[in-house]
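Notes follow the structure.
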Amino acid sequence: MRDTTITMMCLGLLLRSWESSWPAKYEVISLSEERRFPSWQSNDNLAAFTDYTLVSAEAGAGAFLDLCSEAVADGYYGVCVSGGWVRLCRERLSGTKAKVSAVVGFPLGTHATRAKAFEASAALDDGASEIDMVLPIGRLADGDYDSVERDIAAVVQAVQGGALVKVILETGMLTEERITAGAKIAEAAGADYVQTSTGFGGRGASVSDIALIRSAVSIEMGIKASGGIRNAQSAIELLAAGANRIGSSSGKAIVHGLSKLL
């Protein structure tokens, strides 16, 4: 207990030192605000705010079973996988607190809207608790906001409240104006989270992305930072900037690398 207390105190000091070096617009969000989704604090377990992700084309059943075993052992919020592996993961995680997220329209977002809706519905049937959908990036970049909202709303309607819906923007491909618009559209369409990146589209999440998205949506909306997050320091900076969840295939490096920062 004493070692844990000391570790948390050190982590708090470390976080404050990072805060002092950030520009004012990246200021840590107020923890006193009422939020639908919890905000990370320095005494929280990083794993509990992390979706341990495996969306590799070559991964087989053994890799997904290992992913689930590690998720339970380390206390991750859940796992994030492609739709074809949802049922296996849900069965492996039965009786645990770990959730299963399924990617939809991944990674390009160019699927027909009805295909995304079907994919989301099928994932829900197979046991997914959350859907990570990619919006139509090209349409958002074109400013075709009505089409983007219809695309997201179709997925939201397909799961009928049976799963949380996260909307992936692919921030590395968008201007700040389009990021802001995409975040606002996601909320208007009934989604629960705005998510930064797929990890397949150039750069991943940044502190500035999180600050921009947080300024665009209400406090009821969650934010998931994903893409290029490979260590504990990056994860903590993104959570402190306003993200409510981290998505990463480097979960072990993030969770077990925390001690190296102290």
Side-chain angles (χ1 to χ4, degrees), residues 36-37 51 53 55 80-84 86 99-202 204-205 209-210 212-227 242-245 247:
R36 181 181 173 199
F37 300 107
D51 290 340
T53 304
V55 288
C80 183
V81 299
S82 299
V86 168
K99 310 292 186 183
V100 179
S101 297
V103 293
V104 163
F106 193 88
L108 301 178
T110 53
H111 302 57
T113 296
R114 63 185 179 277
K116 291 182 184 178
F118 178 83
E119 193 177 4
S121 179
L124 179 66
D125 289 344
D126 285 345
S129 304
E130 303 187 1
I131 302 296
D132 291 27
M133 68 164 291
V134 186
L135 56 63
I137 302 162
R139 293 192 184 279
L140 178 59
D142 281 345
D144 185 359
Y145 297 159
D146 289 343
S147 292
V148 174
E149 184 167 353
R150 286 194 297 270
D151 189 77
I152 298 168
V155 171
V156 172
Q157 292 164 13
V159 300
Q160 299 181 340
L164 296 179
V165 176
K166 311 190 201 85
V167 177
I168 303 172
L169 302 181
E170 204 66 280
T171 52
M173 295 182 175
L174 300 170
T175 64
E176 288 192 357
E177 179 185 355
R178 295 302 193 239
I179 292 170
T180 298
K184 289 180 178 293
I185 292 167
E187 182 165 20
D192 303 283
Y193 268 78
V194 178
Q195 185 169 337
T196 56
S197 318
T198 63
F200 290 82
D209 289 337
I210 301 303
L212 183 61
I213 294 169
R214 178 49 69 198
S215 70
V217 299
S218 72
I219 62 172
E220 284 79 23
M221 285 292 284
I223 300 176
K224 178 175 173 179
S226 57
N244 305 92
R245 191 90 60 82

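We number each residue from 1, following the sequence as shown. Fair warning: this is a prediction, and the values are worked out from it, not measured in the lab.
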Within this structure, what is the [atom1]-[atom2] distance for the pair [X] and [Y], rounded to the nearest 0.5 Å?
X    : Y    : atom1 : atom2 : answer
L169 : D209 : CG    : CG    : 8.5 Å
D144 : R150 : CG    : CZ    : 7.0 Å
S226 : I168 : OG    : CD1   : 6.0 Å
L140 : I137 : CG    : CD1   : 8.5 Å
I213 : K184 : CD1   : NZ    : 12.0 Å
L212 : I223 : CG    : CD1   : 9.5 Å

Looking at every heavy atom in both [X] and [Y], which two are closest together, and how far apart are they?
X    : Y    : result
G199 : E170 : N-OE1, 4.4 Å
K99  : S129 : CD-OG, 4.0 Å
A225 : A205 : CB-CB, 4.0 Å
V86  : A128 : CG1-N, 3.6 Å
S197 : T171 : OG-OG1, 3.5 Å
M221 : A186 : CE-C, 4.4 Å

If the threshold is 4.0 Å, N to carboxylate O, is there a salt bridge linking D132 and K224?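 Salt bridge between D132 and K224, a charged N being under 4.0 Å from a carboxylate O: yes.
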CZ/F37: more than 12 non-hydrogen atoms of other groups inside 6.0 Å: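 Result for CZ/F37: enclosed.
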Set of ring pair (Phe, Tyr, Trp, His ring centres under 6.0 Å) partners for F200, sequence neighbours left out: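 So F200 forms a ring pair (Phe, Tyr, Trp, His ring centres under 6.0 Å) with F106.
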Do any N or O atoms from the side chain of [X] and from the backbone of [Y] form a donor-acceptor pair under 3.5 angstrom?
X    : Y    : value
T180 : E176 : yes
K116 : I152 : no
E119 : G105 : yes
S82  : V55  : no

Do E220 and S218 have side-chain atoms, one donor and one acceptor, less than 3.5 Å apart?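 Side chains of E220 and S218: pair found under 3.5 Å.
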Heavy-atom side-chain contact between V134 and L108 under 4.5 Å: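 Sidechains of L108 and V134: no contact.
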Among T113, V167, L135, I131, side-chain contact (heavy atoms from CB on, under 4.5 Å) partner for V155: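 That would be I131; it is the only one of T113, V167, L135, I131 passing the side-chain contact (heavy atoms from CB on, under 4.5 Å) with V155.
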Passing candidate, side-chain contact (heavy atoms from CB on, under 4.5 Å) with D151, options R139, H111, M133: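 The residue from R139, H111, M133 that satisfies side-chain contact (heavy atoms from CB on, under 4.5 Å) with D151 turns out to be M133.
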Under the salt bridge (Lys or Arg N to Asp or Glu O under 4.0 Å) definition, can you give me all pairs with a residue in residues 120-131, not counting sequence neighbours?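 Matches after skipping sequence neighbours: R87-D126, E130-K166, E130-R245.
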Passes side chain to side chain contact (heavy atoms under 4.5 Å, CB included), V165 versus Q157? Steps please. CA-CA 10 Å; V165 176; Q157 292 164 13; over 6 Å; no
Given side chain to side chain contact (heavy atoms under 4.5 Å, CB included), test V194 with E187 step by step and report yes or no. CA-CA 8 Å; V194 178; E187 182 165 20; 6.0 Å; no
